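As the structure is a prediction and not an experimental result, all values here were calculated from the model.
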Protein chains: 2
Amino acid sequence: MAKSDAIPAPTVRRLSLYLRQLELYRETGLRTVSSKQLGESLQLTDAQVRKDLAVFGHLGHPGIGYRVEEMIGRIRRILGTDRVWNVALVGAGNLGRAFASYRGFITKGFNITAVFDADPSKIGTVMPGADPVVVQPVSELAATIGLRNIDLAILAVPMSDAQAIADQCMQAGISGILNFAPMALRVAPGATIINVDLAVHLEQLSFRVCELRR
Amino acid sequence: MAKSDAIPAPTVRRLSLYLRQLELYRETGLRTVSSKQLGESLQLTDAQVRKDLAVFGHLGHPGIGYRVEEMIGRIRRILGTDRVWNVALVGAGNLGRAFASYRGFITKGFNITAVFDADPSKIGTVMPGADPVVVQPVSELAATIGLRNIDLAILAVPMSDAQAIADQCMQAGISGILNFAPMALRVAPGATIINVDLAVHLEQLSFRVCELRR
DNA sequence: TTTTGTGAATTGCTTCACAGCA
DNA sequence: TGCTGTGAAGCAATTCACAAAA
């Protein structure tokens with residue numbers, strides 16, 4: 001049945017956006033929301049919103065809309081963020097420091113519990129964050145990942161090191177990698193990699209600006 | 001005719017990836033590349049690659065493939081990065097510092113020529129980067145954008161300030177904004193906004209890991 | 001009324017498969 | 001032979017439009 005059908009990737013992306021918006025609504029005290037309202041907040045059609053939310057089965061209430069609190073719980077369950085993920089951060093440079101100190105991660109259920117770097121001058125220093133973490137050498141990566149309950153890794157390392165570090169992570173049993181090095185990494189079976197290239201986003205912006213002027 | 005047709009969004013996204021890969025090929029001295037090779041490097045089918053590259057009209061050479069150097073030029077021209085964009089960075093926190101010092105931006109044609117922050121203790125300090133820039137108060141944003149030739153802005157500010165800053169940027173004549181605050185910003189006509197939410201990427205990763213285990 | 005859920009229609013993207021060129 | 005370019009086919013996502021529920 002519909003329950004076990006794979007959720008389309010565009011829908012999953014939007015689920016994250018719905019969740020963010022619903023959490024904003026909750027802060028303002030809103031209890032229910034219609035597909036029309038939600039769609040307007042996110043620049044989507046109401047039909048799109050309803051189709052997306054139909055992955056949960058019947059959850060909306062005709063004439064009323066969707067209960068904010070209920071939807072938040074359901075979306076988190078689908079996304080797998082109804083729990084806390086322990087995350088390893090590799091790379092204690094500027095980008096790494098930005099991640100470690102970003103409050104949004106912990107409120108979303110991602111807890112950076114270990115930080116690694118190859119630079120000896122950084123090892124032993126403290127990364128400020130949800131709970132501050134001492135920077136460890138990359139050589140301790142495998143052992144630490146195995147010891148603590150770490151499933152995800154954020155890679156904020158130079159391109160030249162990225163594949164080697166990713167391989168180490170996957171060998172150590174990491175299930176998912178969020179890679180910020182500007183290259184597509186080879187992925188081992190049983191693991192998942194999402195590549196985020198910040199320069200690519202600027203290029204897309206450049207294109208859209210040119211397109212608008214055309 | 002085909003020339004003036006809009007390029008599909010998925011194709012534009014992939015053009016950035018082709019460009020990155022082609023620049024890697026160039027470094028290794030490769031002169032030509034087939035759609036099959038390029039596809040394998042990026043996990044795409046050869047047909048997909050050819051369809052995408054067909055936006056340029058006839059550029060491939062049957063029996064030979066595509067000339068690396070030529071393709072790089074063509075893609076940059078389409079993306080609008082065959083020139084240097086002056087970019088304003090708003091927010092001199094950890095994330096802002098990461099952008100300012102990221103070498104990838106300048107090699108792609110994005111030059112951070114001004115940095116702004118609301119925090120008085122940051123103003124007057126120097127942000128290290130391609131050419132180091134002194135942090136200015138946000139009050140000088142409009143004047144500086146008008147004075148220098150600044151078309152794009154990167155927003156690395158708290159959610160609470162993001163919309164106000166974006167409005168100021170657009171009023172000052174900015175054409176494109178890359179927003180890292182975790183909310184969708186309202187956009188003025190004639191401007192473009194791309195929203196990048198780092199926590200959303202982690203959620204997508206979480207989902208994919210759960211899915212894989214299912 | 002308002003608003004959901006959903007088949008049907010539509011639009012858009014990807015893959016196939018092959019003619020044509022080097 | 002090796003490879004491109006592209007119609008045609010196939011598949012996926014979005015939008016439409018309306019019956020049903022509150």
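Rounded to an integer number of Å, the gap from CG of B:Asp5 to C1' of C:dG12 is 13 Å. The distance from atom CD of A:Gln48 to atom P of C:dG5 is 15 Å, rounded to the nearest whole Å. Residue A:Glu40 contributes atom CD, which lies 14 Å from atom C1' of C:dT3 at whole-angstrom precision. Across the protein-nucleic acid pair, A:Lys36 atom NZ and C:dT3 atom C1' stand 11 Å apart, rounded to whole Å. The distance from atom CD1 of B:Ile64 to atom P of C:dC21 is 15 Å, rounded to the nearest whole Å. Following rounding to the nearest Å, A:Leu59 (CG) and C:dT3 (C1') show an atom-to-atom distance of 14 Å. Rounded to whole Å, the distance from CG on A:Leu53 to P on C:dT3 is 15 Å. Taking atom CD on B:Gln43 and atom C1' on C:dT14, their separation rounds to 17 Å, with Å as the unit.
Within the 4.0 angstrom heavy-atom criterion, only backbone atoms of the sugar-phosphate kind lie near A:Ser35; the bases stay farther away.
Judged by distance alone, the side chain of A:Asn86 and the main-chain N or O of A:Thr113 form no donor-acceptor pair under 3.5 Å. Judged by distance alone, with hydrogens and angles left aside, the side-chain atoms of A:Ser206 form a donor-acceptor pair with the main-chain N or O of B:Leu79 at under 3.5 Å. A:Arg76 places a side-chain N or O within donor-acceptor distance of the main-chain N or O of A:Thr81, the cut-off being under 3.5 Å.
Among pairs with a residue in residues 146-163 of chain A, those fulfilling salt bridge (charged side-chain N to carboxylate O under 4.0 Å, His left out) read A:Arg83-A:Asp151, A:Asp151-B:Arg213, at least two apart in sequence or across chains.
Residue-to-nucleotide contacts include no donor-acceptor pair under 3.5 Å from the side chain of A:Lys51 to the base of C:dT6.
With respect to the salt-bridge test (charged N to carboxylate O, under 4.0 angstrom), the residues A:Arg14 and A:Asp52 qualify.
Phosphate proximity of C:dT15 to B:Thr45: present, with a side-chain N or O under 4.0 Å from OP1 or OP2.
Of the candidate nucleotides C:dC16, C:dG5, C:dT3, C:dG5 has the atom nearest to the side chain of A:Arg50.
Ring geometry for A:Phe105 against A:Phe110 counts as perpendicular: the plane angle is over 60°, on a 0 to 90° scale with 30° as the lower cut.
Once you apply a 4.0 Å limit to the heavy atoms of chain B, the touched nucleotides of DNA chain D run 5' to 3' over D:dG2 to D:dA8.
Residue whose closest nucleotide on DNA chain C sits further toward the 5' end, between A:Tyr66 and A:Gly63: A:Gly63.
For the pair A:Arg214 and A:Phe207, the cation-pi criterion (under 6.0 Å, within 45° of the ring axis) is fulfilled.
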